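All remarks here apply to the structure that follows.
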Amino acid sequence: MLRGHILGVVRWPTLVKWTRVIPVGLVVGLWSISVPLFASPDEPANFVKGAALVRGEVVGSAVAPELLKSYWTTVVDIDPQFGSVNGLPWCFAPYPDKPACTYDVATAPQVDGVAWTNMGKYPPLGFLLTGLGTVFGPTNLSVYASRFIQSVACISLLLACAKVLRGRDRSMIGFLLAVTPGTIFLASTASPSGLEIIASIAMWVTAPFVLGTASTSFERRIFLVGGVLLIGVRPLGLIFYLAVVAVTMFIGRVSPRAGLQRIGIKLLLTHGAVATFMLWWYFSIYGPATKNKIEFGDIPLSLGQQLHAIVRGLPRIVEQYVGNFGWLDTPAPQVVVWIAVASVLALFVVTWKIGSGRDLVSIVLLLACSTAFTIAADLNYYDLLRTFGSQGRHVAPFLVGIPVLLGARIGPRSWLIPWLGLGWAISVAWSFGVMIRRYSVGVTPGNIGQMWNDPPWVPPLGVSVTLGAMILAVGASLMVLWREESTRH
């Protein structure tokens, strides 16, 4: 049931009400300051790309692909000290038994005497927020500022999603399950993937209302922002955008004509303009970069062998979606993965009777899309790089739709909600502890106690304060969840 309206927006305690902002801010913020600099995948390249973008270097000069440089690498005409970050994380990545290193970007040795980025030919939108943080120059402070700006953007979108659900008297549990530990990790660092996944969650939350018979101006604004980011942050974002809209229309039995009318001309023009720009970028800048392929001089695997290897690796994609807190060297504990899978299955079982056949078809379709996307991407990766490079973050915009769609069906005061919330809280806190251990002492048998006994690397707040603060943050998040669920009608 819709609550009263103020200024045409669903009335709910303001977005910046501290009792809701503080838990979410603490969870994301603690990840942001506790992950070692450049421990997030491609974070050095993202940092340099952002720095170049805000300084007027949108693409840069192409270079020949080699061991550390990709097809999309460019040299950018900015302070070469920014390029020093390309050599920093390799003292610990991708070796899980090696603790993190302490370094200073301002004094680190330069790499090749120039600044280059493996993201040079990637579209610019995903790096704009990162770039804004580099106003302090090539320093550690700029890295933290870049993370802070992206974290604030992601937190704002998450709070906006919560506001939409609360205003519609919908459960937040499915939305919460979509925010996996891996998503929090990416959202809290300088990663376009984190921004893309959070934008996809915003789209999945708001699309049913925008494509429904009546939507509020606030819901439409979040749909607008989510769509712009989802389309514009990464090269293939338009595929995810179309998937969200198509699945939502299918579930709601909305015809294409009615769907376009309900989205409205302003939203269509805005999203269409971003999509047009992205298609131009893809076919003019991003795609042509792979025309001159690397000569490997080997005998490639047959198509059948490639497909066999890709299919065998599909469980790894799910595991990475749940969480991998480094350069694919810090996976979430298997227990956390099983909690995530079991939570979604439990949500499916509980909502089965009140759902429809179209809900089931949509979930199967999203799983099929994730599988097909992974296979297609890995075949392309193998052709270009002789490796299978698909990761969980690449298909997360599909996968987050499953818990969000299921959560929309769960009734008020369901007995399952506290258990799912508890499972989520344990998963986030446990994963955070695993991440702190990996970077403070490395993952070797029997060395957990060394975290408190002069570890080689220490998070800025110290090990004990950091872990204690995260436990309090997830506990406070649970209290907010239970309070909101208890007031549903």
Side-chain angles (χ1 to χ4, degrees), residues 38 40-66 68-86 105 110-139 142-143 145-150 153-154 186 189-196 199 225 227-241 269-292 384 394:
F38 309 113
S40 178
D42 299 321
E43 193 169 19
N46 300 336
F47 179 72
V48 178
K49 170 73 173 183
L53 180 63
V54 299
R55 288 165 175 79
E57 281 278 293
V58 180
V59 178
S61 306
V63 299
E66 56 180 73
L68 291 178
K69 299 182 175 72
S70 72
Y71 290 94
W72 304 276
T73 300
T74 62
V75 173
V76 288
D77 186 18
I78 59 175
D79 185 344
Q81 192 60 36
F82 276 105
S84 68
V85 304
N86 289 310
V105 173
Q110 294 182 8
V111 179
D112 300 333
V114 295
W116 53 266
T117 170
N118 286 337
M119 299 293 148
K121 295 187 178 180
Y122 275 65
L125 182 58
F127 306 93
L128 180 59
L129 296 179
T130 297
L132 294 176
T134 66
V135 294
F136 303 104
T139 63
S142 283
V143 185
S146 297
R147 288 182 172 186
F148 174 77
I149 293 174
Q150 169 151 324
C154 291
L186 292 170
T189 57
S191 170
S193 292
L195 198 58
E196 177 190 41
V225 173
V228 168
L229 293 175
L230 185 56
I231 297 170
V233 164
R234 291 181 63 83
L236 300 179
L238 182 58
I239 295 175
F240 300 124
Y241 176 88
L269 286 176
T270 304
H271 290 167
V274 178
T276 300
F277 172 78
M278 290 298 291
L279 289 171
W280 171 82
W281 187 281
Y282 186 89
F283 289 108
S284 299
I285 299 175
Y286 182 85
T290 61
K291 285 184 177 179
N292 298 319
L384 296 175
H394 297 155

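Because the structure is a prediction, the values reported are computed rather than measured.
- Here the side chains of Leu230 and Glu196 are in contact, with some heavy-atom distance below 4.5 Å.
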- Query: Given the rule in the side chain to side chain contact (heavy atoms under 4.5 Å, CB included) test, do Arg234 and Phe240 qualify, once you have shown the distances and angles that lead to the verdict?
  - Reply: CA-CA 10 Å; Arg234 291 181 63 83; Phe240 300 124; over 6 Å; no
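- Within the 4.5 Å cutoff, no side-chain heavy atoms of Val105 are placed close to those of Phe82.
- Without hydrogens or angle criteria, Asp112 side chain to Val114 main chain gives no donor-acceptor distance under 3.5 Å.
- Annotation for Gln81 and Pro138: closest pair CB-CG, 3.7 Å, computed over non-hydrogen atoms.
- For the pair Pro41/Leu186, a side-chain contact is recorded, criterion being any heavy-atom separation below 4.5 Å from C-beta on.
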Listed pairs under 3.5 Å, donor-acceptor, residues 51-60 side chains, sequence neighbours left out:
residue, atom, partner, partner atom, Å
Arg55, NH1, Ala51, O, 3.0
Arg55, NH1, Thr134, OG1, 2.9
Arg55, NH2, Thr134, O, 2.8
Glu57, OE1, Asp77, N, 3.0

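- Two residues are said to be in side-chain contact when any heavy atoms from C-beta on lie closer than 4.5 Å; Cys154 and Leu195 meet this criterion.
- Judged purely by atom type and a 3.5 angstrom limit, Gln150 uses its side chain to pair as donor or acceptor with the backbone of Ser191.
- Of all heavy-atom pairs spanning Ala190 and Glu43, the tightest one is N-OE2, 3.2 Å.
- Under the 3.5 Å distance criterion, the side-chain polar atoms of Lys69 are left unmatched by any main-chain donor or acceptor of Trp116.
- Looking at Thr276, its side chain does come within 3.5 Å of a backbone N or O of Gly272 through a donor-acceptor pair.
- Just one of Tyr71, Trp72, Trp281 meets the ring-ring contact (aromatic ring centres under 6.0 Å, His included) condition when paired with Tyr286; it is Trp72.
- For Thr117, there are no side chain to side chain donor-acceptor pair (under 3.5 Å) partners, not counting sequence neighbours.
- Residues meeting the side-chain contact (heavy atoms from CB on, under 4.5 Å) test with Val135, sequence neighbours left out: none.
- Between Val228 and Leu125, some side-chain heavy-atom pair lies under the 4.5 Å cut-off.
- Other residues, nucleotides and ligands contribute only 12 or fewer heavy atoms inside 6.0 Å of the CZ atom of Phe148.
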- Query: Going through the distances and angles, do Met278 and Leu238 end up as a side chain to side chain contact (heavy atoms under 4.5 Å, CB included)?
  - Reply: CA-CA 8 Å; Met278 290 298 291; Leu238 182 58; over 6 Å; no
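- Scanning for side chain to side chain donor-acceptor pair (under 3.5 Å) contacts around His271 gives Tyr241, with sequence neighbours left out.
- Shown here for Ser142 and Gly137, the closest heavy-atom pair between the two residues is OG-O, 2.6 Å.
- A donor-acceptor pair is defined here as one N or O able to donate and one able to accept, closer than 3.5 Å; no such pair exists between the side chain of Asn118 and the backbone of Asp42.
- What you find for Pro192 and Gly126 is that their closest heavy atoms are CG-O, 3.7 Å.
- Residues meeting the ring-ring contact (aromatic ring centres under 6.0 Å, His included) test with Phe38, sequence neighbours left out: Phe47.
- Scanning for ring-ring contact (aromatic ring centres under 6.0 Å, His included) contacts around Phe136 gives an empty result, with sequence neighbours left out.
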